[in-house]
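Since we're looking at a predicted model, the values are computed, not measured. Positions are given from 1 along the sequence. Atom set for the values below is all heavy atoms of this structure, side chains included, hydrogens, waters and symmetry mates excluded.
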Amino acid sequence: MINLTVRFQASEGKVEDLGKALSRLEDSSRKDAGCLQYDVFVAGQGRFLLIERWQDRQSLDAHLALKHVAAFRSDAAALMACEPELLEWQPLTRN
């Protein structure tokens, strides 16, 4: 399983537009093969958090190649104050 968090910071005056773009991406991505979770959260002050879980690397790679992801990247570039911060994480292994 692949677990990702992505943090976004909207440019000043672009919070609503980035929120709408992320919402469209969320709706489309939830339908992608291998998607186990795809949730967008708003944290205030123009900050958004995306939590993704994918069945495997192949599912994630296929998702990244789809048109709705390319459209988001193109549209959102002008809406963000900086590059998104991506973190891939693994569950803690317990003894």
Side-chain angles (χ1 to χ4, degrees):
M1 184 177 335
I2 307 297
N3 303 288
L4 302 173
T5 57
V6 188
R7 293 192 320 177
F8 298 89
Q9 178 66 54
S11 294
E12 190 168 329
K14 301 296 183 181
V15 175
E16 186 175 334
D17 293 334
L18 182 57
K20 287 179 182 178
L22 283 165
S23 182
R24 286 190 301 270
L25 180 64
E26 178 182 45
D27 290 344
S28 297
S29 297
R30 285 181 173 175
K31 300 171 190 168
D32 293 348
C35 180
L36 303 175
Q37 179 182 4
Y38 208 93
D39 294 307
V40 176
F41 298 90
V42 61
Q45 299 177 330
R47 294 176 296 168
F48 297 88
L49 179 66
L50 170 60
I51 297 177
E52 304 178 49
R53 298 179 102 187
W54 295 92
Q55 185 175 1
D56 52 32
R57 180 70 56 190
Q58 183 178 8
S59 299
L60 174 59
D61 290 345
H63 160 74
L64 294 173
L66 293 172
K67 287 194 294 187
H68 60 268
V69 176
F72 170 78
R73 286 180 172 164
S74 175
D75 295 345
L79 306 175
M80 294 185 287
C82 55
E83 289 292 317
E85 180 184 354
L86 172 71
L87 178 63
E88 184 172 334
W89 50 275
Q90 300 298 321
L92 180 65
T93 303
R94 300 178 194 264
N95 295 346

More than 12 heavy atoms from other groups under 6.0 Å of CD on Gln37: yes
Spacing of CD belonging to Glu52 relative to OG1 belonging to Thr5, to within rounding of 0.5 Å: 9.0 Å
Set of ring pair (Phe, Tyr, Trp, His ring centres under 6.0 Å) partners for Tyr38, sequence neighbours left out: His63
All salt bridge (Lys or Arg N to Asp or Glu O under 4.0 Å) counterparts of Arg7, not counting sequence neighbours: Glu85
Minimum-distance pair of heavy atoms, taken over all atoms of Leu18 and Gln9: CD2-C, 4.2 Å
Residues that Arg53 engages under salt bridge (Lys or Arg N to Asp or Glu O under 4.0 Å), provided they are two or more places apart: none
Heavy-atom closest contact (Ala33 atom, Ser59 atom, distance): O-CB, 3.7 Å
Those residues that, when tested against Asp27, pass salt bridge (Lys or Arg N to Asp or Glu O under 4.0 Å) (two or more places apart): none
Connected-component partners of Phe41 among ILVMFWY, side-chain separation under 4.5 Å: Leu49, Ile51
Minimum heavy-atom distance Val15-Ala10, with the two atoms named: CA-CB, 3.7 Å
Where Ala78 and Ser11 come nearest, the two heavy atoms and their spacing: O-OG, 4.3 Å
Nearest non-hydrogen partners of Arg24 and Asp75, listed with the distance: NH2-OD2, 4.5 Å
CD/Glu88: more than 12 non-hydrogen atoms of other groups inside 6.0 Å: yes
Met1 with Leu60, same ILVMFWY side-chain cluster at under 4.5 Å: no
Which atom of Leu86 lies closest to which atom of Leu4, heavy atoms considered: CD1-CD2, 4.0 Å
Atom pairs and distances, side-chain donor-acceptor, residues 64-72, under 3.5 Å, sequence neighbours left out:
residue, atom, partner, partner atom, Å
His68, NE2, Asp32, OD2, 3.0

Rounded distance (nearest 0.5 Å) linking atom CG of Asp56 with atom CD1 of Ile2: 7.5 Å
CG on Leu22 to CG on Asp39, rounded to 0.5 Å: 12.0 Å
